[in-house]
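Take a look at the structure below.
Numbers here are sequence positions counted from 1. All heavy atoms count here, side chains included; hydrogens, waters and symmetry mates do not.
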Amino acid sequence: MNDASQTPRAQAKPITLGFLIFPGFPMACLTSAIEPLRAANEISGEQAFRWQILAEGTGPIASSAGVSFAPDLRLSEATELDHVFFVASPDGSFDDPAKANAALQRHLRRGGKVGAFSGGIFPLARSGVMAKQPMSVHWCYEAAFQAEFPQIEILQTVMSDEGSCQTASGAAAVFDLMLNHIEARLGAAITTETACWFQHPFVRGASVPQKLPALGNAVSNDMLPAKVAQAIEIFAQNIETPIQISVVAEALHMSSRSLERSFKRATGQSPLKYYRQMRMKEARQLVLYGQESVTSIGYMVGYSSPAAFQRHYRETFGISPHKERQAKTSLRVIDDSVLPSM
């Protein structure tokens, strides 16, 4: 340990975090929260942080990786927490929403904070306790989240810390959020040492934007040529009402042919094919995580013909949107049936 971590300090009351898990929760998010806190305690030589696994019931809960975790407490029994973070898939929901919301409201009245990791934003938003708070939403959930919660502002940053609500878009962002908690409680030196323990490259703040993959290419959007990235941004703004490639080229002060060449060099695809893939990716988010009908989803991604939408969906993913949704629903039913009752 370095000298800074050995400096004597007056020990304050530990910060206690509750991680509220739901069936199918992302295990990486849970471990990315706990491990840096554990390391910070060890480095600092004090129990600066405590944590508890919460659930609505008492039985073991299987994660997305199939590993089950036994909760320490029911949500209704948790009375001395500083933070409660929802850790869930987008399908997460309470069996008894009234009782769960009452527990969350008691927590907030005591001055506690509420947040969510990854898909946990969905059950958090459904609870209504953070209805007016902006949330950091992982890019793969953005379309479904916006469709279900149009009143909530979506932040495209890796994390958010707005008022009483803290959200992290994915497992790496959860690690960064915990490093921010460590710095606030123990200082920069211990935070840096904690990050170095895990060979974490740098500590990101709430203003850092998410990385988005360039479709069909081994780079992220921010690595693309400026004109291509700008065209993709225009495409993203025109999913529901498709825009002509010639209009995009004109907006970028390029010829359609120059835009075509630039796209093929950067992505290996024509701008039209890339644009269609973007629309299909958004459609798939809505099929897997949304609640709209397949016909409605087609309209939402710019198709006036349900037949054309379903044909392009099959061509892109090798399965119809109806069958993919049915397969996901069937899998969820099977998973729920083998879980112990809560």
Does the side chain of His107 reach to within under 4.5 Å of the side chain of Arg110, using non-hydrogen atoms? yes
Quick check against the 3.5 Å criterion: does Lys99 have a side-chain atom that pairs as donor or acceptor with the backbone of Ser76? no
Establish whether Leu30 and Phe175 are linked, either directly or via other cluster members, by ILVMFWY side-chain heavy-atom contacts under 4.5 Å. yes
Could you tell me whether the side chain of Glu35 reaches within less than 4.5 Å of the side chain of Arg38, counting heavy atoms only? yes
Check side chain to side chain donor-acceptor pair (under 3.5 Å) between Glu292 and all other residues, then give those that pass, not counting sequence neighbours. none
For Ile245 and Ser270: C-alpha separation, side-chain torsions, deciding distance, then whether side-chain contact (heavy atoms from CB on, under 4.5 Å) applies. CA-CA 10 Å; Ile245 301 301; Ser270 70; over 6 Å; no
Any residue meeting side-chain contact (heavy atoms from CB on, under 4.5 Å) with Pro123, in chain and number order, not counting sequence neighbours: Phe22, Phe86, Ala88, Arg126
How close do Asp96 and Glu56 get, heavy atom to heavy atom, and via which atoms? N-OE2, 2.7 Å
Just verifying a value: how many Å separate Ser32 OG and Leu37 CG, rounded to the nearest 0.5 Å? 11.0 Å
Tell me if a side-chain donor or acceptor on Arg185 pairs with a main-chain N or O of Ile15 at a distance below 3.5 Å. no
Does Leu177 form a side-chain contact (heavy atoms from CB on, under 4.5 Å) with Phe117? I'd like the steps, not just the answer. CA-CA 10 Å; Leu177 180 59; Phe117 304 152; 4.1 Å; yes
Measure the shortest side-chain to side-chain distance between Ile182 and Glu193 over non-hydrogen atoms and say whether it is less than 4.5 angstrom. no
Under 4.5 Å between side-chain heavy atoms, hopping through other hydrophobics if needed: is there a path connecting Leu155 to Trp139? no
Any non-hydrogen side-chain atom of Lys273 less than 4.5 Å from a side-chain atom of Thr267? no
If you define the side chain from C-beta out and look only at heavy atoms, does anything of Met135 sit under 4.5 Å from Phe149? no
If I compare all heavy atoms of Ala144 with all of Tyr289, which pair ends up nearest, and what's the gap? CB-CB, 3.6 Å
Is it the case that over 12 heavy atoms from other parts of the model lie below 6.0 angstrom from the NZ atom of Lys227? yes
Please list all pairs meeting side chain to side chain donor-acceptor pair (under 3.5 Å) that have one or both residues in residues 113-122, counting only residues at least two apart or in different chains. none
Taking the side chain from Asn41 and the backbone from Gln47, do they hold a donor-acceptor pair closer than 3.5 Å? no
Ser127 side chain to Asn101 backbone, donor-acceptor under 3.5 Å: no
Has Glu77 got more than 12 heavy atoms of other residues, nucleotides or ligands less than 6.0 Å from its CD? yes
So does Arg257 pair up with Glu260, basic N to acidic O under 4.0 Å? no
Is the backbone of Thr157 close enough, under 3.5 Å, to the side chain of Ser136 for a donor and an acceptor to pair up by distance? yes
Going by distance alone, is a donor N or O of one side chain under 3.5 Å from an acceptor N or O of the other, for Ser246 and Ser256? no
Heavy-atom donor-acceptor pair, Gln199 side chain to Cys196 backbone, under 3.5 Å: yes
Looking only at non-hydrogen atoms, find the nearest pair between Gln285 and Glu142 and report the distance. OE1-N, 3.3 Å
Would you call Ser262 and Met254 a side-chain contact if the rule is heavy atoms closer than 4.5 Å? yes
Is the gap between the ring centers of Phe69 and Phe25 under 6.0 Å? yes
Going by the rule side chain to side chain donor-acceptor pair (under 3.5 Å), which residues pair with Gln166 if we only count those two or more places apart in sequence or in a different chain? Asp161, His181
Do Cys165 and Val114 have side chains that get closer than 4.5 Å, going by heavy atoms? no
Is it the case that one hydrophobic cluster holds both Tyr299 and Ile297, taking links as side-chain heavy atoms less than 4.5 Å apart, direct or via other members? no
Phe49 vs Met178, side-chain contact (heavy atoms from CB on, under 4.5 Å): CA-CA, chis, key distance, verdict: CA-CA 10 Å; Phe49 298 95; Met178 294 302 107; over 6 Å; no
Report yes or no: does Tyr275 contribute a side-chain atom to a donor-acceptor pair with the main-chain N or O of Ile243 at less than 3.5 Å? yes
His200/Asp176 under side-chain contact (heavy atoms from CB on, under 4.5 Å): CA gap, chis, key distance, verdict: CA-CA 9 Å; His200 194 66; Asp176 289 316; 2.7 Å; yes
Give a yes or no on whether the backbone of Ile154 and the side-chain of Gln146 come within a donor-acceptor separation of less than 3.5 Å. no
Ala100 to Leu75 - nearest heavy-atom pair and separation: O-CD2, 3.9 Å
Could you list the donor-acceptor pairs under 3.5 angstrom formed by side chains in residues 228-241, with sequence neighbours left out?
residue, atom, partner, partner atom, Å
Glu233, OE2, Gln237, NE2, 3.1
Asn238, ND2, Ile234, O, 2.8

Considering all heavy atoms of both residues, which atom of Gly302 and which atom of Arg279 are nearest to each other, and what is their separation? O-NH2, 3.3 Å
Any donor-acceptor pair under 3.5 Å from Ser169 side chain to Val158 backbone: yes
If I take atom OG from residue Ser258 and atom CG from residue Leu252, how far apart are they, to the nearest 0.5 angstrom? 11.0 Å
Main chain of Val287, side chain of Arg325: is a donor-acceptor contact present, judged purely on distance under 3.5 Å? yes
Tell me which donor-acceptor pairs under 3.5 Å the side chains of residues 306-319 have, and how far apart each pair is, sequence neighbours excluded?
residue, atom, partner, partner atom, Å
His312, ND1, Tyr303, OH, 2.6
Tyr313, OH, Glu324, OE1, 2.7
Thr316, OG1, His312, O, 2.8

Leu81 vs Leu54 side-chain heavy atoms within contact, under 4.5 Å: yes
